[in-house]
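One structure below.
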Amino acid sequence: MAAVIQSTKGKINPLKAWLLIISSVLSLFLLDAVLRWLYDHGRVSALFVNIAIGVYTLSLFALLLFRFSISCTYFLDGVKICFGRVYIKNARYSEQIMLREIVFFGRPDDAKSKYAVDRLKNFTARRGEIETMAIVYRREKKTMRILFSPNEEMRQKLEEALKQKK
């Protein structure tokens, strides 16, 4: 079986990217202006203004990072499937499952109703139309579930590999 590699990284429309940047910066300036007006009129303290701007900035950064910069990769060969996250550029593999450990592959609702899990990990595509699938596997007497978004080729190869396992 040839190895299959899939990435959930999507392309963002350049116009949408510029609108996202401009709206983010404008929202920071707007929040700053509102908080300064409230401070000037004695409604809030300077400490509150600084904390509010800091929390908003960090929240906005985290939202943009998770929504637009982080993608996932899936690597399937004849023996294992690996899941990783790509933070802007570099892939970091965080989960490797031997195909013999997999007890279920299918829709997340079916997996949820059939198996009580000890841990859930999510490697789904944030900006894609690919259907989310679930893998349930057992390791060291624990049942774990992974949600991911395999394309058609990855799905077919995984189903073939699981059929050969049986």
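As the structure is a computational prediction, the values presented were derived from the model and not from experiment.
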Side chain to side chain, Val79 and Leu99, heavy atoms closer than 4.5 Å:
no
- CZ/Arg43: more than 12 non-hydrogen atoms of other groups inside 6.0 Å: no
Strictly distance-based, threshold 3.5 Å: is any side-chain N or O of Glu101 a donor or acceptor partner for the main-chain N or O of Met98? yes
Lys112 meets the salt bridge (charged side-chain N to carboxylate O under 4.0 Å, His left out) criterion, sequence neighbours left out, with none
- Message: Please evaluate residues Leu147 and Phe123 with respect to the criterion side-chain contact (heavy atoms from CB on, under 4.5 Å), reporting the C-alpha separation (whole Å), side-chain torsions for both, the decisive distance (0.1 Å), and the verdict.
- Response: CA-CA 6 Å; Leu147 300 177; Phe123 293 97; over 6 Å; no
Handout entry: N/O donor-acceptor pair under 3.5 Å between Glu95 side chain and Gly84 backbone
Key = no
message = Could you check whether atom CZ of Phe75 has more than 12 heavy atoms from other residues, nucleotides or ligands sitting under 6.0 Å from it?
response = yes
Note: Ser27 and Leu60 closest approach over all heavy atoms is OG-CD2, 4.1 Å
To the nearest 0.5 Å, atom SG of Cys72 lies from atom CG of Asn122 at 7.5 Å
Would you indicate whether the side-chain heavy atoms of Ile70 and Val86 approach each other to under 4.5 Å? no
Going hydrophobic residue to hydrophobic residue with side-chain gaps under 4.5 angstrom, can you get from Leu20 over to Leu63?
no
In this structure, would Phe48 and Val34 fall into the same cluster of hydrophobic residues linked by side-chain contacts under 4.5 Å? yes
Say whether Val55 and Leu47 are linked into one hydrophobic cluster, either directly or through other cluster members, by side-chain heavy-atom distances under 4.5 angstrom.
-> yes
Start with the C-alpha gap between Arg139 and Met144, add the side-chain angles, then the distance that decides, and say whether side-chain contact (heavy atoms from CB on, under 4.5 Å) holds.
CA-CA 8 Å; Arg139 183 181 294 157; Met144 292 159 273; 3.8 Å; yes
So CD1 of Ile130 and CZ of Arg155: to nearest 0.5 Å the spacing works out to 8.5 Å
Heavy-atom nearest pair, Ala134 first then Pro108, reads CB-CA, 3.8 Å
When hydrophobic residues are tied together by side-chain contacts of less than 4.5 Å, even through go-betweens, does Trp37 share a cluster with Val44? yes
Scanning both residues in full, the closest heavy-atom pair of Pro150 with Gln6 reads CA-OE1, 3.3 Å
### Message
Looking only at the aromatic ring of each residue, does the gap between the centers of Tyr93 and Phe83 stay below 6.0 angstrom?
### Response
no
Review point. Under the side-chain contact (heavy atoms from CB on, under 4.5 Å) criterion, do Leu64 and Ser24 qualify, and how do the steps go?
Key: CA-CA 9 Å; Leu64 294 176; Ser24 299; 3.7 Å; yes
Quiz item: Does the side chain of Arg145 reach to within under 4.5 Å of the side chain of Tyr115, using non-hydrogen atoms?
Solution: no
Determine whether Asp40 and Arg36 satisfy the following criterion, salt bridge (Lys or Arg N to Asp or Glu O under 4.0 Å), listing intermediate values before the conclusion. CA-CA 6 Å; Asp40 290 341; Arg36 284 185 191 274; over 6 Å; no
Value for OG (Ser71) from CZ (Phe66), rounded to nearest 0.5 Å, stands at 12.5 Å
### Query
Does Ile146 offer a backbone N or O that forms a donor-acceptor pair with the side chain of Tyr137 under 3.5 Å?
no
Separation between CD (Glu160) and CG (Leu162), nearest 0.5 Å, reads 10.5 Å
Value for CE (Met133) from CG (Leu158), rounded to nearest 0.5 Å, stands at 8.5 Å
Are side-chain heavy atoms of Tyr74 and Ser149 found at a separation under 4.5 Å? yes
Note: Tyr39 and Ser45 closest approach over all heavy atoms is CD1-C, 3.8 Å
Please answer whether the main-chain N or O of Lys142 pairs with a side-chain N or O of Asp118 as donor and acceptor at a distance below 3.5 Å.
no
Validation row: Thr8, Thr73 side chains within 4.5 angstrom (heavy atoms)
no
* **Any Asp77 side-chain heavy atom under 4.5 Å of Val4 side chain** => no
*asked:* What verdict does the side-chain contact (heavy atoms from CB on, under 4.5 Å) test give for Leu30 and Leu26, after you've listed the backbone C-alpha separation in whole Å, the side-chain angles of each residue and the deciding distance to 0.1 Å?
replied: CA-CA 6 Å; Leu30 180 64; Leu26 285 177; over 6 Å; no
task = In plain terms, say whether Lys114 and Asp110 are close enough for a salt bridge, that is, a side-chain N and a carboxylate O under 4.0 Å apart.
result = no
Could you check whether any side-chain heavy atom of Cys82 comes within less than 4.5 Å of a side-chain heavy atom of Lys80, counting everything from C-beta outward? yes
inquiry  = Are Leu38 and Leu28 linked, directly or through intermediate hydrophobic residues, by side-chain heavy-atom contacts shorter than 4.5 Å (ILVMFWY only)?
reply    = yes
d(Ile135 CD1, Phe105 CZ) to nearest 0.5 Å is 6.0 Å
